[in-house]
Undergrad: 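Structure incoming, see below.
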Amino acid sequence: MSDDQSSIEKSKLWGGRFDEPTDQFVQKFTASVGFDKRLAMVDIQGSIAHAEMLSATNIISSEEATLIVQGLNQIRNKIANGEFEWSTELEDVHMNIESALIADIGPTAKKLHTGRSRNDQVATDLRLYLRATLDQIQIETRRLQYVLLELAEKHYATIMPGFTHLQSAQPITFGHHLMAWYEMLLRDADRFADCRDRLNQSPLGAAALAGTTFPIDRQLTAQKLGFSQPCSNSLDAVSDRDFAIEFVAAAALTLIHMSRWSEELILWSSAQFQFVELPDSFCTGSSIMPQKKNPDVPELIRGKAARIQGHWITLTTLMKAQPLAYNKDNQEDKEPVFDTIDTLFDCIKAFADMLPNLQVNRPKMLKDASHGYATATDLADYLVRAGIAFRDAHKIVGETVSYALSQKKELDQLSLQELQSLHPAMKPDVFNILGVEGSVAARNHLGGTAPNQVLSAIQQAKAKLNPPATSGGA
Ligand code: ARG
């Protein structure tokens, strides 16, 4: 090895025991700085807390700690201004920053890594990064919740067909349908909050795996970093990635919900349904078929759900059968997590920006709700109220539908005479329930589709969401 090469190797923070340089390919293959530099700010935050703790416990002097903290703050500014030079040779974000600190402030910087390892450092960084992200996700989710509530309020009485098996089942209101989306999102937000609670523990002090021989104060670093407590077991602290899996799982479920909403928007905006029209600014045309307006954004969100699902598989498979404690495999946790974050933010934003500009075709929704015998169950319930057993009523209504089909009529287009020939219990007031308005209004209980119930669900949700998230912006 040339002297030059040897001095580069020795200058690596772990170079002491090596005589041969790292293979060029291996250097690139093992480096993570290309993606983990995204952790730079939390890495510095963690290092500052560690340095202050080292001084509070007299492991280093307060002058040394002050110098280190000043140096780290300068590096933070450099990174923020895009003036920091990242080097693949220095492998990852941690060693890039530590090497820069040594270059900037001299040998004192070499004391920063006392009682610490990159293993507890990276676990801490990822937790801090995800915690801040989860707080941001709550803000964005609230914006989408608010958008959904506003749209639902506008349409609390807008009648549309409700489906089972994608066949017209019973009339509902569009507001009710949107509030079903809202419930999904509410659970998503809960899952993110739950994930934040559980990840909020500090691995710092676990060092490589077994803890450290220095008299460190783990409570102090935990407290400085806003963690609720230190992780209890040093082996678990450096190897646990449950929090990353939980986060990606919660995001995957959110995206599964969004893929369902997307699917509905795609169907509803087709020429066959014509229930809604998506804003032009959220669609594209076809280069060959001039009539087309393609629902690209919902389609893409439907596709992005697959991507996050894939990240969840990546992370769970990454952890499957990993022995304790830290293994380099774990470096593979970051890209799926980062991509999940970016995708999730984009999808929430897409929905929050698209929905307020959705055009809703009330007449078409009403027309389709009135077709397909959607009030057949109401007629059966009517007969039950007239003293007929439900199973018998079901049969009578089946015959009524069959008769109406043969006459090419809807139920409310049959005459009283025709209805009574099918069963004498049908009186003139039967027309009140054969119409779709009567049908939805009759489902008047908690969680039902009656407009007044829908409105009260919206109002209660709005009160809980108070103060409303500010709309606009990302
Ligand atoms: N870049 C590494 C990762 O992301 C940091 C920890 C490295 N630790 C080690 N012992 N090689 O996991």
Side-chain angles (χ1 to χ4, degrees), residues 9 11-18 20-23 25-47 49-50 72 75 79 84 86-102 110 112-133 199 202-212 221 225 231 234-245 247-248 311 314-341:
E9 287 310 303
S11 79
K12 278 192 174 158
L13 295 174
W14 43 253
R17 63 103 68 213
F18 285 79
E20 270 188 52
T22 317
D23 181 279
F25 163 74
V26 171
Q27 187 137 287
K28 266 212 209 134
F29 185 66
T30 54
S32 55
V33 65
F35 48 87
D36 68 15
K37 61 181 172 207
R38 200 162 157 168
L39 297 174
M41 295 304 170
V42 286
D43 191 71
I44 291 174
Q45 188 187 352
S47 288
H50 181 68
L72 286 168
I75 292 174
I79 295 172
F84 190 86
W86 299 100
S87 147
T88 310
E89 275 156 45
L90 293 168
E91 202 177 316
D92 58 22
V93 60
H94 324 292
M95 293 201 289
N96 267 267
I97 291 175
E98 202 183 324
S99 301
L101 189 66
I102 296 168
K110 295 183 181 175
L112 172 61
H113 213 51
T114 315
R116 178 177 85 161
S117 152
R118 277 184 297 153
N119 297 353
D120 58 345
Q121 194 178 351
V122 70
T124 304
D125 288 6
L126 201 53
R127 283 175 190 251
L128 286 174
Y129 191 86
L130 267 180
R131 190 179 69 189
T133 302
L199 73 68
S202 173
L204 264 192
L209 75 163
T212 171
T221 38
L225 294 171
C231 299
S234 64
L235 299 175
D236 183 51
V238 290
S239 66
D240 170 38
R241 294 293 183 273
D242 289 3
F243 60 93
I245 295 178
F247 165 69
V248 175
H311 292 328
T314 302
L315 285 184
T316 47
T317 313
L318 180 71
M319 293 313 292
K320 180 184 173 298
Q322 243 196 67
L324 290 173
Y326 175 85
N327 299 287
K328 182 77 168 180
D329 314 36
N330 287 355
Q331 187 164 289
E332 285 291 303
D333 62 2
K334 285 163 210 68
E335 287 165 294
V337 166
F338 292 153
D339 189 69
T340 298
I341 293 170

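Everything quoted here is computed from the prediction, not taken from an experiment. Atoms within each ligand, like the ligands themselves, are counted from 1 in listed order.
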Undergrad: Nearest to atom 11 (N) of ligand 1, what protein heavy atom do you find, and at what distance?
TA: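 Going by distance alone, atom 11 (N) of ligand 1 is nearest to R118 NH2, 3.4 Å.
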Undergrad: Flag the pair R127 and D240 as a salt bridge only when some basic side-chain nitrogen lies within less than 4.0 angstrom of an acidic carboxylate oxygen.
TA: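 So R127 pairs with D240 through a salt bridge.
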Undergrad: Regarding R118 and E91, does a basic nitrogen lie under 4.0 Å from an acidic carboxylate oxygen?
TA: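 A salt bridge is present here (some side-chain N lies under 4.0 Å from a carboxylate O).
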Undergrad: For the pair H311 (side chain) and E335 (backbone), establish whether a donor and an acceptor sit closer than 3.5 Å, ignoring hydrogens and angles.
TA: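 Not at all, since once roles are kept as given, no pair shorter than 3.5 Å links the two residues.
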Undergrad: Below 3.5 Å, N or O to N or O, backbone or side chain included: is there any such pair between Y326 and ligand 1?
TA: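 N/O-N/O distance under 3.5 Å: yes.
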Undergrad: Q322 vs N330, test: side-chain hydrogen bond (donor to acceptor under 3.5 Å, both in side chains). Steps then yes/no.
TA: CA-CA 9 Å; Q322 243 196 67; N330 287 355; 2.7 Å; yes
Undergrad: Check whether any N or O atom of Q331, backbone or side chain, sits under 3.5 Å from an N or O atom of ligand 1, and answer yes or no.
TA: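 There is such a contact, yes.
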Undergrad: Which ligand 1 atoms are under 4.0 Å away from a heavy-atom of D92?
TA: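 Those of ligand 1 that fall under 4.0 Å from D92 are 1 (N), 2 (C), 5 (C).
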Undergrad: If the cut-off is 4.0 Å to any non-hydrogen atom of K334, which atoms of ligand 1 fall inside it?
TA: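 Taking each heavy atom of K334 in turn, ligand 1 has 3 (C), 4 (O), 12 (O) under 4.0 Å.
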Undergrad: In Å and rounded to the nearest 0.5 Å, what is the CG to CG distance from L39 to L128?
TA: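 That separation rounds to 9.5 Å.
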Undergrad: Are any side-chain N or O atoms of Q121 and backbone N or O atoms of R116, one a donor and one an acceptor, separated by less than 3.5 Å?
TA: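 Flag not set: sc Q121 to bb R116 has no pair under 3.5 Å.
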Undergrad: Would you check whether N119 has a nitrogen or oxygen atom less than 3.5 angstrom from a nitrogen or oxygen atom of ligand 1?
TA: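 N/O-N/O distance under 3.5 Å: yes.
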Undergrad: Could you tell me whether S32 and ligand 1 have an N or O pair separated by under 3.5 Å?
TA: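 In this structure, S32 places an N or O atom under 3.5 Å from an N or O of ligand 1.
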